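The structure appears below as structure tokens.
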Amino acid sequence: MKNFLKNLLSADGRLNRIGFLHSFILLLCLFIVLSLINHEYIRRTENALTIYLYVKSVQSVLLLALWTPSIIKRLHDLDIKGNRVWLAWAALLLDVHNLMLLNIHIATFLDKIQPILFVFYAVVLIFYLVLFLMPGSIGINNWGSPQEL
């Protein structure tokens with residue numbers, strides 16, 4: 001477990017589909033726990049929308065920080081440079097909740113660009129499907145040998 005957590009925070013090397021799935025499940029559980037805590041907290045306070053948006057933004061940044069090394073290593077396994085991770089960053093940072101935190105009236109703007117956001121999130125979904133479904137390169141590539149199970 002200690003080795004898994006150490007590897008979770010490192011962007012060095014490669015990460016196969018199974019390891020990527022494990023890190024995804026761990027981060028999904030963390031996301032669910034944070035969401036439940038957020039939900040319970042805002043039920044008991046005033047100004048719930050503001051608190052919700054701030055906590056949601058902190059949650060996005062935390063997930064971004066923890067998810068980035070796994071995405072980079074998975075891209076390395078596909079023999080792709082890790083700098084393509086910007087697509088995942090943009091998806092989290094352009095989340096509607098985070099944009100609403102900037103200005104509550106931005107909802108009207110978001111309604112106008114809804115088709116553009118739809119296409120963007122479709123591209124992000126395809127990106128994640130590629131990460132989950134594409135097998136890694138066989139043998140040694142630019143980022144090392146395949147991960148042992």
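The analysis underlying the following values was restricted to heavy atoms, covering all of them including side chains, and did not include hydrogens, waters or symmetry mates. Quick caveat: nothing in here was measured; it's all calculated off a predicted structure.
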Just verifying a value: how many Å separate [X] [atom1] and [Y] [atom2], rounded to the nearest 0.5 Å?
X    : Y    : atom1 : atom2 : value
D79  : M134 : CG    : CE    : 11.0 Å
L21  : L15  : CG    : CG    : 10.0 Å
I126 : L133 : CD1   : CG    : 12.0 Å
S23  : K73  : OG    : NZ    : 7.5 Å
I71  : W86  : CD1   : CH2   : 12.5 Å

D77 side chain to R17 backbone, donor-acceptor under 3.5 Å:
no
Sequence neighbours excluded, which residues qualify as side chain to side chain contact (heavy atoms under 4.5 Å, CB included) partners of [X]?
X    : result
I80  : L75, L78, R84
I32  : L28, L36
D12  : S10
I140 : S145

Same hydrophobic cluster for L27 and I25, using side-chain heavy-atom links shorter than 4.5 Å among ILVMFWY?
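Result: yes, single cluster for both.
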Determine, using the 4.5 Å side-chain heavy-atom cutoff (strictly less than), whether I138 and L131 are members of one ILVMFWY cluster.
no
Any non-hydrogen side-chain atom of L34 less than 4.5 Å from a side-chain atom of L62?
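Sidechains of L62 and L34: in contact.
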Where is the tightest heavy-atom contact between N141 and S137, given as atom of each residue plus distance?
ND2-OG, 2.9 Å
Once ring-ring contact (aromatic ring centres under 6.0 Å, His included) is applied, do any residues pair with F127, and if so which ones, sequence neighbours excluded?
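By the ring-ring contact (aromatic ring centres under 6.0 Å, His included) rule, F127 matches no residue at all.
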Got a sec, which residues hit ring-ring contact (aromatic ring centres under 6.0 Å, His included) with F132, two or more places apart in sequence or on another chain?
F20, F24
